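What follows is a set of notes on a single structure, which appears directly below.
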Amino acid sequence: MPVRTTARSGIRGATNTTATGIRATAVAVLAAAALVSCTQGQTDGGLRADPSAPSATASPSAGPAENADSVDNADQAEQAAGEATEEPTAPAEPAPELVRDAFATLQATLGETCTPGAGDCAYFLGRVTQELTELDEAMRADPKGPGHFKQPLADMKVLFGKLGKDRSTPHLEKFFTEIVSTRDGINTWMQDHPDDYR
């Protein structure tokens with residue numbers, strides 16, 4: 001039946017033409033989509049062609065305020081790191097004692113003595129000399145000023161001038177009389193100035 005064969009051939013030809021057109025259109029759409037994707041990746045911060053390429057720390061599209069915040073944060077981090085590596089400040093020297101406290105410990109030696117050459121002066125003379133040194137420092141630092149303690153400071157200056165830097169027991173024994181008389185003279189002066197030790 002030639003009519004049926006001709007009809008089938010016409011339908012097949014139309015179907016093949018339509019399929020070919022659809023395939024060509026699909027290929028063109030896929031190619032266009034790929035092109036658009038690549039273009040966006042390069043222009044608006046999308047995926048990069050090279051994933052190992054480093055990213056910029058500040059985006060050119062970021063506003064000035066965002067970039068300023070990044071710089072401030074970096075400065076703060078650097079400052080904190082610098083502070084962490086700084087050596088701690090040494091503690092300040094303790095302030096001198098109050099005059100009344102320094103005098104009280106000197107007074108505690110009034111009932112003590114020793115015999116030079118007998119081997120019992122190391123503690124006594126060392127302690128009295130130390131108490132006089134601390135009383136000297138307290139009087140010089142007192143808010144009343146060193147002029148208020150003119151006499152005892154002058155007496156201690158004479159004694160320290162004789163003693164020098166040597167605080168060994170044999171050396172202190174040589175100046176036993178001067179050490180004890182300076183202690184006793186300061187005690188008498190302080191008794192006449194009760195406001196300085198009460």
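Residues take their numbers from the sequence shown, with the count starting at 1. If you're wondering where the values come from, they're calculated on a predicted model, not measured in any experiment.
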| said: Using the side-chain contact (heavy atoms from CB on, under 4.5 Å) criterion, which residues pair with R167? Sequence neighbours excluded. | reply: T129, F160, L163, L172
| field | Those residues that, when tested against D166, pass side chain to side chain donor-acceptor pair (under 3.5 Å) (two or more places apart) | value | S168
| request: Just grab all the salt bridge (Lys or Arg N to Asp or Glu O under 4.0 Å) pairs involving residues 97-107, residues at least two apart or on different chains. | output: none
| request: Can you tell me which residue pairs pass the side-chain hydrogen bond (donor to acceptor under 3.5 Å, both in side chains) test with a partner in residues 175-186, sequence neighbours excluded? | output: none
| message | Which heavy atom of K144 sits nearest to which heavy atom of D195, and what is that distance? | response | NZ-O, 4.1 Å
| said: I'd like to check T169 versus L125 (side-chain heavy atoms, cut-off strictly below 4.5 Å). Are they in contact? | reply: no
| message | Strictly by side-chain hydrogen bond (donor to acceptor under 3.5 Å, both in side chains), give each pair with a member in residues 152-162 just once, sequence neighbours left out. | response | Q151-D155
| remark: For L132 and M156, the nearest pair of non-hydrogen atoms, with its separation, is O-SD, 3.2 Å
| task | With rounding to the nearest 0.5 Å, note down the distance linking CG in L135 to CZ in R140. | result | 10.5 Å
| If you look only at pairs with a residue in residues 111-162, which of them pass as a disulfide (SG to SG under 2.5 Å), with sequence neighbours excluded? | C114-C121
| For D142, salt bridge (Lys or Arg N to Asp or Glu O under 4.0 Å) partners two or more places apart | none
| note | For Y197 and H193, the nearest pair of non-hydrogen atoms, with its separation, is CD2-O, 3.6 Å
| V180 vs F124 side-chain heavy atoms within contact, under 4.5 Å | yes
| said: My understanding is that only residues two or more places apart in sequence, or in another chain, count here; which of them pass side chain to side chain donor-acceptor pair (under 3.5 Å) with H148? | reply: D196
Return a table of donor-acceptor pairs under 3.5 angstrom between the side chains of residues 102-113 and protein atoms on other chains or two or more places apart.
from	atom 1	to	atom 2	distance (Å)
T105	OG1	A102	O	2.9
T105	OG1	E131	OE1	2.6
T109	OG1	L106	O	2.7
E112	OE2	R127	NH1	3.2

| field | Residue pairs involving residues 151-182 (criterion disulfide (SG to SG under 2.5 Å); sequence neighbours excluded) | value | none
| query | Please, which pairs that meet disulfide (SG to SG under 2.5 Å) have at least one residue in residues 125-198, sequence neighbours excluded? | reply | none
| task | Mind jotting down which residue pairs meet the disulfide (SG to SG under 2.5 Å) criterion with at least one end in residues 152-198? Sequence neighbours excluded, please. | result | none
